[in-house]
Each structure stands twice: as C-alpha cells, then as structure tokens.
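What follows is a single structure, written as structure tokens, with notes after it.
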Amino acid sequence: MEIAWSQFTPWHALAGGALIGLAASLLLLVNGRIAGISGILGNLLHHEGREPWRWAFVAGLLLAPLLLWPLVPALQPAALVAPTFSWPDLLRLLAGGFLIGYGTRMANGCTSGHGVCGLARLSPRSLVAVLSFMTAGFLTVAVWRSLTGGLPL
Amino acid sequence: MRSILSSLAAGLLFGAGLIVSGMVNPVKVLGFLDLTGAWDPSLALVMAGAIALSWIGVQLAGRRARACGLDDSPKRRIDRPLIVGSVLFGLGWGLTGLCPGPVVAATGSLYWPAAVVLVAMLVGLRLGRTQ
C-alpha cells in the first residue's frame with residue numbers, strides 16, 4: 001500500500017470531524033437524540049417518524065453548503081467538481097444510492113449513527129456494522145479498480 | 001421551539017463539518033477506500049475527531065440519555081440484518097463515494113451525482129425494513 005501524502009489533509013479532517021462530533025453532541029444533549037442520518041431520513045419517510053426536529057436537522061444539513069457558499073472554496077480541502085453526465089454513471093449512482101438506503105435501513109444505521117455516535121457510545125453492534133461496511137467499501141473499490149483501472153467517479 | 005432550533009443548528013454544524021473535512025467530496029472518500037491504489041487516510045482522522053467530540057457529548061449526557069431510552073442499541077444482539085445491511089451499504093458507499101450525510105450535504109452543494117444518489121437512497125430507505 002502506498003500513501004497519497006499529497007492528497008492527505010489531516011487538519012481539515014480533524015477540524016471537520018470535530019464539527020461533526022460537536023453537532024452530534026449538541027443533538028444528544030439538547031434533544032436527547034442520536035445524529036444518525038439514515039435513521040433521521042428513514043423515519044421522515046414513514047408516517048410515525050415525521051417529527052419536526054428531524055425536518056429541522058435535514059434542513060440544516062442541506063442548507064449548510066448554501067449558507068457557507070462564498071466560504072466553501074476556502075474551507076474545503078479539495079474542490080468538488082461534478083463529472084459530465086453519462087448513462088453508465090447514472091446507473092451506477094442509482095444502484096449505489098438504493099443499496100445505501102436499503103442497507104442502512106436494514107442495519108439501523110450508517111457512518112454517522114453506527115460510525116460516529118455508536119462507536120462513541122462503545123456499542124459492540126456499531127463496531128460490527130462499521131467493520132462490515134468498511135470491508136465491503138474497500139472490496140468494492142478494489143474490485144472496481146481491478147476491472148476498470150480507476151475509481152468509480 | 002428550542003428543540004427545533006437546536007436540531008437545525010446541529011444539522012448546520014454537521015453539514016459544515018462534512019464540507020471542512022472534505023467528506024462531501026467522493027474523491028476524498030474513495031481515496032480512503034482505495035487501499036490498492038494511492039491511499040488517502042483523511043477519512044480515518046475525520047472519524048477520530050468526530051468520535052472524540054461525540055464521546056464527550058455521550059459522557060455529559062450520562063444519565064439523561066439513559067432516561068431517554070438511548071441505551072437500547074448496545075444491549076441488542078449482533079444479528080444477520082446488522083451485518084447484511086452494513087455490507088449492502090458498504091457496496092453502495094464504494095460505488096458512489098457517498099454515505100447518507102454527505103449525500104444530503106453534497107446535494108445542497110448542487111453536486112448533481114449526489115442528487116441522483118439521494119433519490120435512489122430515499123427509495124431504498126422507504127422499501128428497507130428495520131429490525
């Protein structure tokens with residue numbers, strides 16, 4: 001394995017991670033809720049879960065880049081450049097998106113709920129979830145690279 | 001009202017963290033998942049920073065969190081849906097370089113692939129079954 005030192009952005013990573021942890025702590029301390037994005041979105045899609053705090057959280061997540069718009073180029077560690085449209089990419093994104101939604105609903109959590117909040121609570125279930133999705137992610141990218149020679153972008 | 005404002009603030013902070021860390025950008029996430037190519041360890045430090053600050057929140061919440069019934073998940077069993085669901089999620093994560101939080105924040109960044117993933121992800125979340 002070779003480390004891409006030129007791409008490695010440790011200070012952005014730690015600062016951004018701290019903000020994410022701060023957000024999770026705020027939601028836990030004031031609302032008594034876990035900042036699990038798949039759970040929040042999944043509950044909004046089912047009648048019994050449509051509580052105002054969930055809409056507010058998703059609105060904040062969606063609006064953050066718009067509110068920070070002029071600052072985003074200075075804040076982010078790498079420019080976010082959208083690829084040009086192609087049909088194979090569209091199929092890959094649709095399939096990937098469905099798997100993300102279906103899988104996180106089945107596992108009751110994703111990178112935020114299991115990865116951040118669950119590990120912070122030292123939950124064995126969350127550790128198993130994180131090891132499972134990380135392994136699957138590593139293997140998917142390795143297989144993609146061996147088949148195409150590049151990344152799924 | 002207080003719970004709505006704090007929730008909105010938490011969403012904004014969370015989104016800002018995803019932007020600052022670079023996690024809205026599939027290039028950064030796939031760089032981490034790309035063990036057989038040139039590996040970018042940034043995501044590991046994002047997780048470390050986020051877990052450290054959340055851990056403080058968990059300690060502060062203490063008894064109050066337990067009173068809200070938040071300690072149910074560590075007591076639950078490690079079962080098949082947890083592992084199968086997580087593997088399916090990891091497959092989608094590897095195919096797109098996006099997970100649920102970044103899907104929403106990158107859609108707000110007007111990054112079109114994230115909007116496509118968001119639509120399909122919502123379908124998956126609607127059809128999927130929790131345990």
Side-chain angles (χ1 to χ4, degrees), chain A residues 4 7 9 13-14 16-28 30-32 37-38 42 45 53 56-57 60-62 64-65 75 77 80 82 93-94 96-107 110-112 116 119-121 123 128-129 132-133 136-138 140-142 151, chain B residues 3-4 6-8 10-17 20-22 25 30 33-34 36 38 40 42 45-46 49-51 53-55 57-58 61 68 74 78 81-83 85-96 99-101 104 108-109 111-113 116-117 120-121 124-126 128:
Chain A
Q7 261 93 276
T9 50
L14 285 171
L19 284 172
I20 293 168
L22 199 62
S25 292
L26 174 66
L27 198 68
L28 181 63
V30 181
N31 297 55
I37 315 299
S38 62
L45 291 170
W53 75 269
F57 187 90
L61 197 54
L62 194 65
L75 288 175
L80 182 63
L93 294 166
L94 286 172
F98 181 82
L99 287 167
I100 295 168
Y102 195 87
T104 55
R105 188 83 187 153
M106 194 178 193
C110 57
T111 348
S112 51
V116 177
L119 291 185
R121 294 165 63 211
S123 154
V128 169
S132 304
F133 66 67
F138 286 135
T140 303
V141 173
L151 291 171
Chain B
S3 78
I4 293 185
S6 59
S7 184
L8 179 69
L12 286 168
L13 269 175
F14 204 108
V20 171
S21 63
N25 194 339
L30 293 171
L33 293 177
D34 189 20
T36 56
D40 175 359
S42 304
L45 288 187
V46 179
I51 291 167
L53 268 283
S54 301
W55 184 82
V58 168
C68 299
I78 291 162
L82 178 77
I83 295 168
S86 294
V87 167
L88 292 178
F89 161 48
L91 190 58
W93 193 35
L95 281 175
T96 61
C99 53
V104 177
S109 306
Y111 179 75
W112 73 263
V116 173
V117 175
M121 180 178 85
L125 281 169
R126 186 71 183 84

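No hydrogens, no waters, no symmetry mates; every other heavy atom, side chains included, goes into these values. In this text the structure is predicted, and so the values were computed from the model without any measurement.
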TODO: State, to 0.1 Å, how close Ala107(A) and Gly85(B) come at their nearest heavy-atom pair, and which atoms those are.
DONE: CB-C, 3.9 Å

Open item on the list: Minimum heavy-atom separation for Gly97(A) and Thr96(B), please, with both atom names.
Closed with: N-CG2, 4.2 Å

Open item on the list: Keeping Ser25(A) on the side-chain end and Leu53(B) on the backbone end, is there a donor-acceptor pair under 3.5 Å?
Closed with: yes

Task: Which of Val128(A), Leu62(A), Leu119(A) touches chain B most, by non-hydrogen pairs under 4.5 Å - done: Leu62(A)

Task: Pick from Ala56(A), Ser38(A), Ala136(A) with the largest number of heavy-atom pairs that fall under 4.5 Å of chain B - done: Ala56(A)

Task: Closest non-hydrogen atom pair, Ser112(A) against Phe14(B) - done: CB-CZ, 3.8 Å

Open item on the list: Which heavy atom of Val116(A) sits nearest to which heavy atom of Ser54(B), and what is that distance?
Closed with: CG1-OG, 3.2 Å

Open item on the list: List the residues meeting ring pair (Phe, Tyr, Trp, His ring centres under 6.0 Å) with Tyr111(B), not counting sequence neighbours, and say none if there are none.
Closed with: none

- [ ] Determine the option with the most heavy-atom pairs under 4.5 angstrom with chain B, choosing from Thr9(A), Thr104(A), Leu94(A), Ile100(A).
- [x] Ile100(A)

- [ ] State which residues pass ring pair (Phe, Tyr, Trp, His ring centres under 6.0 Å) with Phe133(A); sequence neighbours excluded, sorted by chain then number.
- [x] Phe89(B), Trp93(B)

Task: More than 12 heavy atoms from other groups under 6.0 Å of CH2 on Trp53(A) - done: yes

Task: Among Leu14(A), Leu93(A), Leu27(A), residue most engaged with chain B (heavy-atom pairs, under 4.5 Å) - done: Leu93(A)

Task: Non-hydrogen atoms of Val20(B) and Gly16(A) that approach each other most closely - done: CG1-N, 3.8 Å

TODO: Mind listing the closest non-hydrogen atom pair of Leu12(B) and Gly60(A) along with its distance?
DONE: CD2-O, 3.4 Å

Open item on the list: Would the distance check show the side chain of Asn31(A) and the main-chain N or O of Ser3(B) forming a donor-acceptor pair, the cut-off being under 3.5 Å?
Closed with: yes

Task: chain B interface, residue from Ala24(A), Gly42(A), Gly96(A) that has the most non-hydrogen pairs under 4.5 Å - done: Gly96(A)

